[in-house]
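By convention in this document, chain letters (A, B, ...) are assigned in the order of the sequence lines, proteins followed by strands, and residues within each chain are numbered from 1.
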There are 2 protein chains.
Amino acid sequence: MRVSAKADYAVRAAAELAAAEEGPIKGIRLAEAQDIPLQFLEHILLELKHHGIVRARRGAKGGYWLAKPADEVTVADIVRAVEGPIAHVQSTPPEAIEYRGNSEHLQEVWIAVRANLRAVLEEVTLADLVSGEMPSVVTDLVATPDSWAAR
Amino acid sequence: MRVSAKADYAVRAAAELAAAEEGPIKGIRLAEAQDIPLQFLEHILLELKHHGIVRARRGAKGGYWLAKPADEVTVADIVRAVEGPIAHVQSTPPEAIEYRGNSEHLQEVWIAVRANLRAVLEEVTLADLVSGEMPSVVTDLVATPDSWAAR
DNA sequence: ACTTTCCCGACCTGCTTGGTCAGGAGCGCG
DNA sequence: CGCGCTCCTGACCAAGCAGGTCGGGAAAGT
């Protein structure tokens, strides 16, 4: 139930790409803008490329750019690209688990957990992220003081 | 963003304890009821004990039982006991992260993610789990067909 | 040709996951 | 008391992941 450095880095780099107006952005510029180790970032960007989220070109005028418009790329897309499926239990998707005995209804809990994760991650696009204009599901939750409480 | 075997086991064992009406339940009975490796389960139960969620007694009439009524123990309590804090990013709580540049609003996303996780995990008690009468947040999500779709 | 930049596999250290093993300590009972 | 039962605890272990670094290769531009 934690967010890895890789996923965090990936979203931040993608946000930087979404904000860039024209042309390819070099890896080193992304790394510096978001304070990410360059060589690690290159591996992450390669994964994003393999998942069709970014494109890249080598050489003097090379760099990375988004493969799709920023409002068509969600945070969920990026997290799945670098972390794999969201909210799997014991490496199997919640809809495929079968519980016996008194934990029979636990499946419903994990399904609800995944659904609520998706409700945020699939709703926020890179365009939302850079503009700061979040979908209502986020603004509502963020406006609740309890959401900020440590526990 | 995944649920570990340990957390899954822990909740299932706790559900079994919640369902048991009388007296201490032996480890081996929990292990068999939920098909969990016994020695691994004992370590998990020990952690739950250290977190004040279960109690135990040794000897012939020994076993484990819940330290509190089943309707006062939430799934979140158990997950936190065995997995640590929920939805930390790079091992730091989302309210403590500071983002710069174009990812400035990413903090709000992680806050919303955590809040939505809590909305499920802190709402479901062991009593709900064994009775099958889930809180509305769960039944609503589970009733949505999309929640069951793989992606 | 030569530089720049991405591409990509190998490697590395340390920690986590999902366990097993061996023994010790408390509890109840005859 | 002695004895068996059950939990308690630390040590260990194999595999994998996290979070990187290193070194070289391949395309793009000039």
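Looking at every heavy atom in both residues, A/A56 comes nearest to A/Y64 through CB-CD2, 3.6 Å.
Within the 4.0 angstrom heavy-atom criterion, only backbone atoms of the sugar-phosphate kind lie near A/R2; the bases stay farther away.
Classification of B/E123 and B/R118 as a salt-bridged pair fails, no side-chain N sitting under 4.0 Å from a carboxylate O. Comment: B/E95 engages B/R114 in a salt bridge, judged by a side-chain N to carboxylate O separation of less than 4.0 angstrom. Under a 4.0 Å N-O distance rule, the pair A/D146/A/R151 qualifies as a salt bridge. Salt bridge B/R80/B/E122: present, at least one basic N to carboxylate O contact under 4.0 Å.
A/Q39 has its CD atom 12 Å from the P atom of D/dG20, to the nearest Å. Spacing between atom OH of B/Y64 and atom C1' of D/dC5 amounts to 13 Å, rounded to whole angstrom units. Between the CZ atom of A/R58 and the P atom of D/dG24 there is a distance of 18 Å, rounded to whole Å. Atom CD of B/E47 is separated from atom P of D/dC7 by 17 Å (rounded to the nearest Å). Between the CG atom of A/L41 and the P atom of D/dT21 there is a distance of 11 Å, given to the nearest Å. When the C1' atom of D/dT6 is taken as reference, atom CD1 of B/I28 falls 11 Å away, rounded to whole Å. The distance between atom OH of A/Y9 and atom P of D/dG20, rounded to the nearest whole Å, is 4 Å. When the P atom of D/dG19 is taken as reference, atom CG of A/L38 falls 18 Å away, rounded to whole Å.
Nucleotides of DNA chain D nearest to A/E42 and B/E42 differ in position, and the one nearer the 5' end is that of B/E42. Comparing A/V3 and A/K61 by the nucleotide of DNA chain D whose heavy atom lies nearest to each, the residue mapping closer to the 5' end is A/V3. Nearest-nucleotide assignment on DNA chain C puts the 5′-proximal partner with A/G59, out of A/H50 and A/G59. Toward the 5' end of DNA chain C, the nearer of the two residues A/K49 and A/A60, judged by each one's closest nucleotide, is A/A60.
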*Carefully, step by step, assess A/I53 and A/E47 under the rule side chain to side chain contact (heavy atoms under 4.5 Å, CB included).*
CA-CA 9 Å; A/I53 292 170; A/E47 280 187 76; over 6 Å; no

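Contact footprint of chain B on DNA chain C: nucleotides with an atom under 4.0 Å from a non-hydrogen protein atom, first to last in 5' to 3' order, C/dG18 to C/dC29.
In this structure, of D/dT21, D/dG19, D/dA26, it is D/dG19 that holds the atom nearest to the side chain of A/S4. Distances from the side chain of B/K26 to the nucleotides D/dG19, D/dG23, D/dC7 place D/dC7 closest.
Contact of B/H43 with D/dG10 (side chain to base): a donor-acceptor pair of N or O atoms is detected under 3.5 Å.
Going from atom CG of A/L141 over to atom OG1 of A/T144 covers 6.0 Å, rounded to the nearest 0.5 Å.
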